[in-house]
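Residue numbers start from 1 in every chain, and the chains themselves are labelled A, B, ... in the order their sequence lines are given, proteins ahead of strands. None of these values were measured; they are calculated from a predicted model. Computed over heavy atoms, backbone and side chain alike; hydrogens, waters and symmetry mates excluded.
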Amino acid sequence: MNAAEELKQALPASVVSTGMQVEKPLVLVKKEDLLEVAAKVKEMGFDHLSVVTGVDYVDRFEVIYNFFSYGKKENLVLKVVLDHEAPEVGSLTSLWKGADWLERETYDLVGVRFTGHPNLTRILLPEGWKGHPLRKDYDMSVEQFVTIGEDGEDIVSTDGSNLLRRK
Amino acid sequence: METEELLINMGPVHPSTHGVLRFKLRMDGEIIKECTVVMGYLHRGTEKLAEMKTYLQFIPYTDRLDYISAMPNNYAYVKAVEELAGIEVPLRAEYIRVLTVELNRIVNHLVFMGSLLLDLGASTAIMYGFREREKALQLYEMLCGARMTFSYFRIGGVRDDLPDDFMSKLNEFIKDMEKRIEDYKGLINGNEIFMMRMKGIGVISAEEAINYGMTGPSLRGSGVNYDIRKIEPYSIYPDLDFKACVRPECDSYARYMVRIDEMEESLHILRQIADTIPKSEVVATQKYGIAPLTGMPYTAQTYFPRIFIPPAGEAYSRIEAPKGELGFYVVSDGTTKPYRVKIRSPSFCNLTAIPKMVVGLKIPDLIAAFGTIDVVLGDVDR
Amino acid sequence: MMIANAYELIVYILTTIGVYEPINNIFMSFGLDDILKIIIMLVEIAILFAFVLVTIMFLTWMERKVVAMVQSRYGPMVTGPRGLLQPVMDGVKLIGKEDIIPEKADRWIFTLAPFIVFVPALLVFIPLPFGESLIISDLRVGLLYIIAISAISPVAILLAGWASNNKYSLLGAMRAVAQDISYTIPLALAAIAVVLFTSSLSTVDIVNAQAGTWFGIIPKWFIFIQPLGFILFLIASIAEMGRIPFDFQESEQELVAGFFTEYSGMKFAMFFLAEYAHLFAVSGIIVTLFLGGWNGPVIPFIPVQITSLVYFLIKTYAVIFFAMWLRDTVPRVRIDQLLNLGWKIMIPLALLNLLITGFVVTAGVIQ
Amino acid sequence: MDPVTIDTTKFRPVRKKPETALEKLEDTGLISTVLAARERKGLIFLTTVDQVFNWARLSSLWPVTSGLACCAIEMMAVAMAHHDIARFGMEIFRASPRQADLMFVAGTVTKRMAPRVKQLYEMMPDPKWVISVGSCANTGGPYHESYAVLRGVDNIIPVDVYIPGCPPRPEAWLYGVLQLREKIKNEGYGAKWGLNK
């Protein structure tokens, strides 16, 4: 019995389905119960949160968590499906501190909001950037420029006239 | 006495942030009260570009993530795609892959050693590190003609077979390197000032390191015996004799020593490969995919198809890169281009622990601790 | 005839070739008694400063060549033979650079600070004996004068750091001051131990006390009777010079360029020159105090002034080479470790050294 | 006409004997031909001073330590023992732009970094030069299509020499430096300040 089925037995109400992602056990979780499931996952010994991925499937968002257990040397994949209009899911920062930046990055580039995150701001792009680049509907034709404000922080605008030499 | 907190802004252009990283420090005199990391000054949108390129076209972009060790990046990406499509790689290609990756591990650690010592104020170690690096780069030039951005890996194998005199050159390099590593140990490891600067600095316990998602040598410096090559063996690593280097001290010195030990282990692996490398093809010759322009199935050929369509699906594959766990999450929708590529970069995740690590230390300690995390900004910002 | 200093040496040479009296008579006939004396003094000072400036330029070249040697490189090669013209080119280039004064800086202090650093760096050379009778002025408080003059530069560094209105500059300046204060004390204490033997602060007396040998082999240098004092003095003076492993005032990897982060062009060059002048001066002082000064075997038929100058320069360059070698080999210590070393180890050791020396001198074991 | 039958002696250019001091100086090869020509036309007046300063400037180009991306590693390689840029007196990498003469824009200039690169350039004292290194800094290179990358650093600051490559080999790098030295040799004293254009 792999970790996915174990999880399904422990929390049958929260787990939608189980499967395999190549060779890794995969669990599809209800988004409301993610925190509860994650706590259980950590209790099961999956102490390493490898990566948090957000994917835009046009009609929905998927957030995928890859776990690894140092003790049992096993993999586990959690997946939640979010609706496209208001993608929101609970934050795992309280369980894994490493989730902090990974979730911020997902918020920055994909635009998934993590409720309960202590500091959900943009991390790679400057604050004020319009749109989330990894969404499929991101408008690549709009050029955005960054300038430095009085306090040394970034200001984003579509007007590059005080940055560029040639207008 | 009334004191005022000093706000110091380090970077993005600063000699010891290894590129364009920025620290915002809240200081009490010389003591760091709070450290905020600001990144993204090298964010180049690689993940978005992946969606615009074909599977093969994306390989050069992986070179430019962690530009000091490009081979492991290549490897992690092609490994993810191969897992996705279920491609079998010929044995010789696996040997060549491991050879290049381990050679790159040595190069990476040489640059790490040099730049760490440079950050501490000793300018000579980096010269020695780069002197040996130059020799390794000559080997790479024989392989693929490039010095840093190799693009040597192909899905299903590697681009070319080894040149004729490669093995003799490699053996020379190994012999030379053995002596050099002894030199480094003699010059650096016992140095009193070096020990003063490194011991007990940037301490992070094993539990915390795991919780922060640290991987690679930085985690093994905290005493966690976690090496993907050992724990989740891939490629030909199960057949090779080497050990994961672990140090229990949890401080900067341990992280430094792990890397020096790893250089020796990598040399050991290179020696084994030089002895046992088999003869076979270097690219997969099975039939994969459909040529989209002609609609004809590929016939068996000596190179892998340029336009390649893996089945729809997703795969997360990770390898032990010199800096830690490097993973690629590839989603395919059954077209010629990846639907989504997510890069799990070791530098980014290891950097998470820095704000925790440096509270209560001084600026020179921040630089020492940051140096031992071994971060490359191309890898952090992607 | 005993020639005490460079002034008398010039007078002696002029008298020997027979031009001193006629020239002096001409001036005397106009009633200008002291004018020749003043001219000669100005000339000797000009010679000294020219010598020091050329030496500084040479030292920058030497530094780059020594680094290159340690790092298995060539160093400057293209400009002039073996790159010898490199420092000249650097100087000319820096003269032609734009001189930026930051908007928020304190203009006057910002401009003044490099001069306050540079002038004491040259003044230190006045009581330094370059050779037998090759000294501008044999001050009776020579050693005290040197230590006092060296203590001016931290003030100027603080001015520079504060006036720049830059946090890195200010941090660098504060570090420099903390470092200088904590290392001047062991420096002075180690020097005083030497003075106990000579009963004189005059540099010439100190050198003279080191003439001769024991058993015909071992030169009577103070390094052999003051080994601990020598090591303390060496460490403290490297800290005073602010070189790796103690280069906190600039510490490039931490504070960008330390207290002169905001300086450009000629003002920056003055800091640079002062640094090397300091290196030369301190090495000269080490040689004077511990390595026998200009003492060395006498060679017949060659004037002692020349041989002594050569001996002095050889020893000084040996010390300078050591400092450069050290710079390329070791990492930098941390500022608090440095201060700990200064206050908790160096000063007690220096006091102990002084105490033992006092006993030895009182008991009359040596001399 | 048959090339063999051409009498090459007829086509040998007759060189004027140097007469004026300027021409004699030019004849020695010590000063730049371009500058001498400009002097003759009355365009500049400070030839000898120009020569001295230009020689000093090209001999002691101190770069500012500002690596941006991949090319910065090759910048380090150029400065290291194997290629040794110190031969040209360029090993003094100044961390503070106030003391630097030359900026290597070594790597991808992202939108977020662009104002900082510009600021860094503005902080450098005149005369100053910029070498744009690598495809990314020249045109955006492989990241030309990216949303976060500036397509060429010459959009924000003037560039003197472009070095192609991704990243350029150290040899290419040294060649670029030599090109810059050539360029400086032929500059007027006031050229950087717009006095004699």
Side-chain angles (χ1 to χ4, degrees), chain C residues 60-61 63-65 67-80 82-103 105 110 164 166 168-169 172 250-269 271-272, chain D residues 46 48-62 64-66 76-102 120-129 174 177-178 181 184-185 187-194:
Chain C
T60 60
W61 176 84
E63 170 111 3
R64 289 162 83 167
K65 279 293 190 187
V67 177
M69 212 165 75
V70 173
Q71 296 172 349
S72 60
R73 300 189 279 129
Y74 278 119
M77 289 298 281
V78 176
T79 317
R82 316 288 302 176
L84 260 175
L85 285 178
Q86 193 63 53
V88 183
M89 292 300 150
D90 289 341
V92 174
K93 179 206 78 180
L94 283 170
I95 289 170
K97 289 292 276 188
E98 183 188 3
D99 186 18
I100 296 176
I101 298 177
E103 195 185 355
F110 187 81
S164 300
N166 176 322
Y168 286 123
S169 301
E250 34 182 311
S251 54
E252 187 181 311
Q253 282 77 20
E254 291 153 29
L255 302 178
V256 186
F259 65 90
F260 52 68
T261 303
E262 292 286 349
Y263 281 89
S264 65
M266 216 42 220
K267 293 195 188 111
F268 162 69
F271 284 116
F272 214 64
Chain D
L46 297 157
T48 319
V49 179
D50 269 354
Q51 296 296 328
V52 172
F53 272 94
N54 284 349
W55 192 22
R57 280 170 184 165
L58 67 90
S59 306
S60 100
L61 286 166
W62 294 354
V64 61
T65 323
S66 74
M76 286 157 86
V78 171
M80 295 305 148
H82 198 84
H83 297 281
D84 196 17
I85 208 168
R87 288 173 293 156
F88 305 104
M90 289 175 69
E91 84 271 45
I92 305 184
F93 277 82
R94 296 304 308 178
S96 164
R98 298 268 190 232
Q99 293 137 21
D101 314 301
L102 168 64
L120 199 68
Y121 175 75
E122 280 161 359
M123 277 165 86
M124 285 160 61
D126 274 322
K128 52 194 171 186
W129 296 272
L174 290 176
V177 168
L178 291 177
R181 285 165 67 98
I184 295 171
K185 205 188 255 176
E187 266 175 1
Y189 178 71
K192 274 284 168 181
W193 297 320

Next item on the list: With a 4.5 angstrom heavy-atom cut-off, could you sort out which part of C:Gln86 is near chain D: side chain, backbone, both or neither?
Entry: side chain
Margin query: Is C:Tyr74 close to chain D through its backbone or its side chain, or both, or neither, when contacts mean heavy atoms under 4.5 Å?
Written below: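 Both parts, backbone and side chain.
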Checklist line | Pair C:Asp90 + D:Arg57: basic N to acidic O under 4.0 Å | finding: no
Check: Below 4.0 angstrom, N of the basic side chain to O of the carboxylate: do D:Asp101 and C:Lys97 qualify?
Finding: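 Salt bridge flag = yes for C:Lys97 with D:Asp101.
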Checklist line | Option that, when pairs with chain D are counted at under 4.5 Å, heavy atom only, ranks first among C:Val88, C:Val67, C:Ile100 | finding: C:Ile100
Notebook entry, point to check: Looking at C:Gly75, C:Ala269, C:Ser72, which makes the most heavy-atom pairs under 4.5 Å with chain D?
Noted result: C:Gly75
Item checked: Counterpart residues, ring pair (Phe, Tyr, Trp, His ring centres under 6.0 Å), relative to C:Phe110 (two or more places apart) -> C:Tyr263
Notebook entry, point to check: Listed by chain and number, what are the side chain to side chain donor-acceptor pair (under 3.5 Å) partners of C:Lys267, not counting sequence neighbours?
Noted result: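 So C:Lys267 forms a side chain to side chain donor-acceptor pair (under 3.5 Å) with C:Asp99.
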